Structures are given as structure tokens and as C-alpha cells.
Amino acid sequence: MVKKVSVATVRAAKEQDTPLVMVTAYDFASASICDEAGVDIILVGDSLAMTVLGHSDTLQVTVEQMAYHTLAVAAAKPEALVVADMPWMSYHLSVDETVRNAAKLIRAGAGAVKLEGGAIRAEMIATLSKAEIPVMGHVGLTPQSTNMTGGFKVQGRELNQIEQILLDAKACEQAGCFAIVCEGVPEDVGTKVTEAVDVPVIGIGAGRNTDGQVLVYNDLVGLSNGFRAKFVRTYADSYADQTKAVANFAEDVRSRNYPLEAEIYS
Ligand code: KIV
């Protein structure tokens with residue numbers, strides 16, 4: 001996929017058996033890089049609470065912060081579809097508040113929103129869809145539930161969990177989701193979820209058989225310097241490279257090796 005990606009393009013990918021590529025981005029630079037690399041979907045993930053703002057979970061980020069980062073991503077004018085995460089507590093209280101909060105993300109430049117949970121959020125998903133706001137669902141490991149689940153734990157190891165995840169995916173589809181993220185489940189559960197619905201399922205730590213894959217930008221380019229989940233494949237060592245670059249600059253300044261004659265205005 002190269003030209004402007006729409007919700008319809010994403011939906012059609014499943015029928016065409018074209019794997020979907022989604023990567024998170026949080027600002028103009030990372031969005032420009034993702035778009036030039038040809039990803040289909042840029043997700044302004046609430047993971048920015050951790051990757052950009054340094055919190056230990058995703059619960060601390062607000063709608064205003066999500067809108068701010070969505071604006072920066074949209075400024076890159078990407079061909080990719082921009083999906084913005086609805087943060088915790090922005091879609092839990094009432095349908096009115098849910099639509100108003102989603103509208104803030106759409107006005108900031110998103111083409112769709114993502115929210116976590118299935119059956120329990122079906123009313124919100126249906127109302128957003130009626131308000132012409134495309135919704136991406138998110139089932140399996142849902143990071144905003146960390147206080148209920150006791151941390152970022154692989155889901156779908158027990159039969160009752162598998163049944164709930166399948167029920168959630170079907171509820172997302174029935175309520176109007178155009179795609180669903182399935183996170184942190186054994187491969188056979190990822191496969192079952194993918195087979196259970198007609199909309200694309202984009203996996204993260206959900207095995208090889210989903211309709212697409214998503215990774216967090218900082219993990220993919222090696223900008224994270226801490227815990228790395230088993231499913232993460234790192235394609236660059238940006239943390240080390242950038243640390244070295246800044247250290248080299250510091251050394252050059254201290255040894256009066258910067259700026260040189262070619263780098264000054266005469
Ligand atoms: O916020 C995020 O980065 C996400 C992905 C893990 C899918 O929701």
C-alpha cells in the first residue's frame with residue numbers, strides 16, 4: 001500500500017490477504033520516518049505515556065496530551081492512516097463524553113480512534129461509529145487494565161480467558177470496529193481471533209497468523225533502554241547510536257574541536 005490509506009483500504013486488506021503494517025509514532029519526526037518507510041497505519045499510541053513521558057504505565061496520559069501528539073503526527077501529512085488512542089478514562093464515563101473526547105482527537109488530525117476492551121465497550125464503539133468516527137478495537141492484553149490484571153501479563157492461557165477474548169473481538173466487530181488490535185496472547189489464540197472476525201486483526205505479541213503486525217516505534221528502532229518483551233524485534237540500535245553522537249559532540253566542544261572554520265560565519 002502506498003497512496004493515502006483509508007479505513008476502507010484497511011478493511012479490504014483482510015480479503016486481499018495483504019499483511020497490514022502498523023507502527024506507533026508520537027511526533028513529526030517519527031511520523032515522517034514511518035510514512036517514508038511506507039507503513040499503512042500510524043498509531044499515536046497511549047504508550048507515549050511510557051516512551052515519551054516516562055511514566056511506568058499508560059494511565060497517566062490525558063486526552064489533551066494525546067491530541068497534542070496527534071497534531072504533531074498529523075503535521076507530517078502522512079499517506080498512512082493516523083489512528084489515535086483514546087486514553088484511560090476518556091471513554092468510560094458516558095457516551096457523550098466519549099464522543100466529545102474522540103472528536104478532539106479527530107480534530108487534531110486522526111482519521112480514526114482506538115480504544116481498549118470488547119463487549120464492555122460495545123455501546124461506546126457503536127455510538128462513535130454512529131457519529132462517523134471509525135473505531136479500532138483492542139483485545140487480549142489491554143495495558144489500561146493493568147491495575148485489574150496485576151501488570152502487563154500474557155492473556156488467553158486459560159479457557160475462560162480465551163472465550164472472553166473471542167467474545168470481545170466479536171463484540172468489537174458487531175459494534176462497528178473496522179479493525180482490531182490483539183495484544184499479548186499465545187499464537188493459537190491470535191489465530192482463533194483472526195479467524196473469528198471479518199475485520200482485520202493486527203497483532204502485537206499474538207503470533208504469526210494475524211492480518212497484520214504492530215510494534216512500538218521506540219522498540220523497533222532500539223530507542224528503549226529497559227525491559228524488552230519477547231515479541232519485540234529491534235531493527236536499529238538508536239539508543240546507543242544517539243548516546244554516542246551526543247557524547248562525541250560533548251567531547252568535541254570540550255576539546256575545542258567544534259566548531260571548525262568551515263562551521264562558522266565569517
Ligand atoms: O499504545 C500503544 O502503543 C498500543 C500498541 C501496543 C498497539 O496500543
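Excluded from the calculations below are hydrogen atoms, water molecules and symmetry mates; all remaining heavy atoms, backbone and side chain alike, are included. Note that the structure is a prediction, hence the values are computed from the model and not measured. In each ligand, atom 1 is the first atom listed, and ligand 1 is the first ligand listed.
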So which protein heavy atom does [atom] come closest to, and at what separation?
{"atom": "atom 6 (C) of ligand 1", "value": "Ile204 CD1, 3.7 Å"}
{"atom": "atom 2 (C) of ligand 1", "value": "Ser47 OG, 3.3 Å"}
{"atom": "atom 5 (C) of ligand 1", "value": "Leu43 CD2, 3.8 Å"}

Exercise for the section: Determine the minimum heavy-atom distance between Ile42 and Ala25, stating which atoms define it. Expected result: CG2-CB, 3.5 Å
Quick check on contacts: which atoms of ligand 1 are under 4.0 angstrom from a heavy atom of [X]?
{"X": "Val216", "value": "3 (O)"}
{"X": "His138", "value": "8 (O)"}
{"X": "Thr24", "value": "3 (O)"}

Handout entry: Proximity flag Glu116 to ligand 1, non-hydrogen atoms under 4.0 Å
Key = no
Exercise for the section: Examine ligand 1 and decide if any of its atoms is less than 4.0 Å from a heavy atom belonging to Lys114. Expected result: yes
Problem - Check: Asp85 N/O within less than 3.5 Å of ligand 1 N/O - result: yes
Problem - Polar atom proximity, Asp46 to ligand 1 (N or O, under 3.5 Å) - result: yes
Exercise for the section: State plainly whether the residues Glu64 and Lys104 are in salt-bridge range, i.e. N to O under 4.0 Å. Expected result: yes
Note, [X] side chain near [Y] side chain (heavy atom, < 4.5 Å):
{"X": "Trp88", "Y": "Asp46", "value": "no"}
{"X": "Lys153", "Y": "Leu141", "value": "no"}
{"X": "Ile202", "Y": "Gln213", "value": "no"}

Practice task
Output yes when a side-chain donor or acceptor of Gln60 lies under 3.5 Å from a complementary backbone atom of Ala49, and no otherwise.
Solution key: no
Practice task
Answer yes or no: are there more than 12 heavy-atom neighbours, outside Glu15 itself, under 6.0 Å from its atom CD?
Solution key: no
